[in-house]
Amino acid sequence: MILSVAVIAGILSGFLVARWKKEPWQPPALRHAWLVVVFFLPQLLAFYLPATRNLFSAPLAAASLVISQLGLLAFCILNWRLAGMPILAIGLLLNLAVILANGGLMPVSPDAVARLVSPEVLARLQVGERLGTSKDILLAPDAIIFPWLADRFAPPDWIPYRFAFSVGDILIGLGAFILLAFPAGKAASIKKGNLSYVNQPNF
Amino acid sequence: MKNTTAYFASVVSKIQKQHIQFVLLVLVVLMLVLGAGAPVDGGGIGH
């Protein structure tokens, strides 16, 4: 959920930039947005909806995650020319690479988890198991393939909300911010003598 | 009067369409970001 901060910040920045330029804010002209809705659905069921996420075994959750991210990657490629989208796509690709290399879930080491939970909770966790209903799996550091792409970073201590994130997550947040704050493309075009906006999302 | 009503209806329908498009855009980008990312927080661990 921490990544939603990048979306909110991007929209607010986009409005501020537009106001500074004395232009209306233009949303990015997303193409094939239905792909996002369709391919987010497996993750919605496997990780987010309380009514369904407990029904997913680790292998089924892993399959849902991989299929979903492949579809989302296709959407990113189809929208490659939008500002921020290449950064977001590379972030997604990095996450997908480490997820695929480690069996379908995002690896996280006990050291990283120790920064998120109490020692009592950490003692109850077993290496090799999915962490609750999250996308992460607890693995020993030397068992993680591409460890530098795993969830290994934590926010500064002065931030009370504790979470671990990956290099890919950073790029995804940055890409989403740029996508919304600095949407590319002409603000408007003149078609047949009428002023019409071209940056309308294509659903 | 009829023209005024038609103009008002046109303006209202345009505003509503833009609002709906904005909400849909935000939802799509949120789904994209949540689906692409994989951070983990302490809240969901150990439950």
Side-chain angles (χ1 to χ4, degrees), chain A residues 1-4 6-7 10-11 27-28 30 33 36-37 39-40 43-44 48 65 68-69 71-73 75-76 88-89 91-92 95-96 99 105-106 108 112-113 115-118 121-122 124-125 131-136 151 161-166 168-169 172-173 176 179-180 200-201 203, chain B:
Chain A
M1 289 294 177
I2 188 65
L3 285 169
S4 54
V7 175
I11 291 170
L30 300 175
V36 176
V37 178
F39 282 100
F40 180 71
Q43 288 200 50
L44 180 70
Y48 293 104
L65 180 57
S68 171
Q69 292 201 325
L72 295 177
L73 186 61
F75 169 80
C76 291
L88 200 156
L92 171 55
N95 273 355
L96 185 57
I99 284 169
L105 293 170
M106 174 61 86
V108 61
V113 176
R115 286 177 279 175
L116 309 178
V117 298
S118 65
V121 172
L122 182 62
R124 289 205 305 267
L125 302 175
L131 291 179
T133 54
S134 74
K135 301 178 189 177
D136 284 54
D151 278 348
Y161 178 55
R162 306 307 301 163
F163 59 98
F165 55 97
S166 64
D169 293 332
I172 289 163
L179 178 72
L180 295 166
Q200 296 296 333
F203 291 95
Chain B
M1 183 68 183
K2 189 178 178 182
N3 285 343
T4 305
T5 305
Y7 174 75
F8 180 74
S10 169
V11 168
V12 168
S13 68
K14 189 176 180 183
I15 291 171
Q16 286 176 342
K17 184 182 177 187
Q18 288 174 340
H19 285 178
I20 291 168
Q21 284 179 331
F22 175 75
V23 170
L24 287 175
L25 171 83
V26 172
L27 282 175
V28 166
V29 177
L30 268 177
M31 284 189 281
L32 174 63
V33 166
L34 291 178
V40 61
D41 63 29
I45 299 174
H47 297 288

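The shown structure was predicted, so the numbers you read here are calculated from the model rather than taken from an experiment. Here is how names work: the chains are called A, B, and so on, in the same order as the sequence lines, proteins then strands, and each is numbered from 1.
Listed by chain and residue number, nothing satisfies the salt bridge (charged side-chain N to carboxylate O under 4.0 Å, His left out) test with A/R115 (two or more places apart in sequence, or in another chain). Every residue was checked against the ring-ring contact (aromatic ring centres under 6.0 Å, His included) condition with A/F39, not counting sequence neighbours, and none meets it.
For A/S166, no part sits under 4.5 Å from any heavy atom of chain B, backbone or side chain. No part of A/L105 comes within reach of chain B, as not one of its non-hydrogen atoms sits under 4.5 angstrom from that chain. If you measure heavy-atom distances from A/L3 to chain B, the contacts under 4.5 Å come from both the backbone and the side chain. Looking at A/L122, neither its backbone nor its side chain comes within 4.5 Å of chain B, counting heavy atoms on both sides.
With values rounded to the nearest 0.5 angstrom, A/L73 atom CG is found 11.0 Å from A/N95 atom CG.
Aromatic pair A/F40/A/Y48: centroids less than 6.0 angstrom apart.
Between B/L32 and the options A/V7, A/V36, A/V37, a side-chain contact (heavy atoms from CB on, under 4.5 Å) holds for only A/V36.
Of the residues considered (A/L65, A/D169, A/I172, A/D151), A/D169 shows the highest number of contacts with chain B, using heavy-atom pairs under 4.5 Å.
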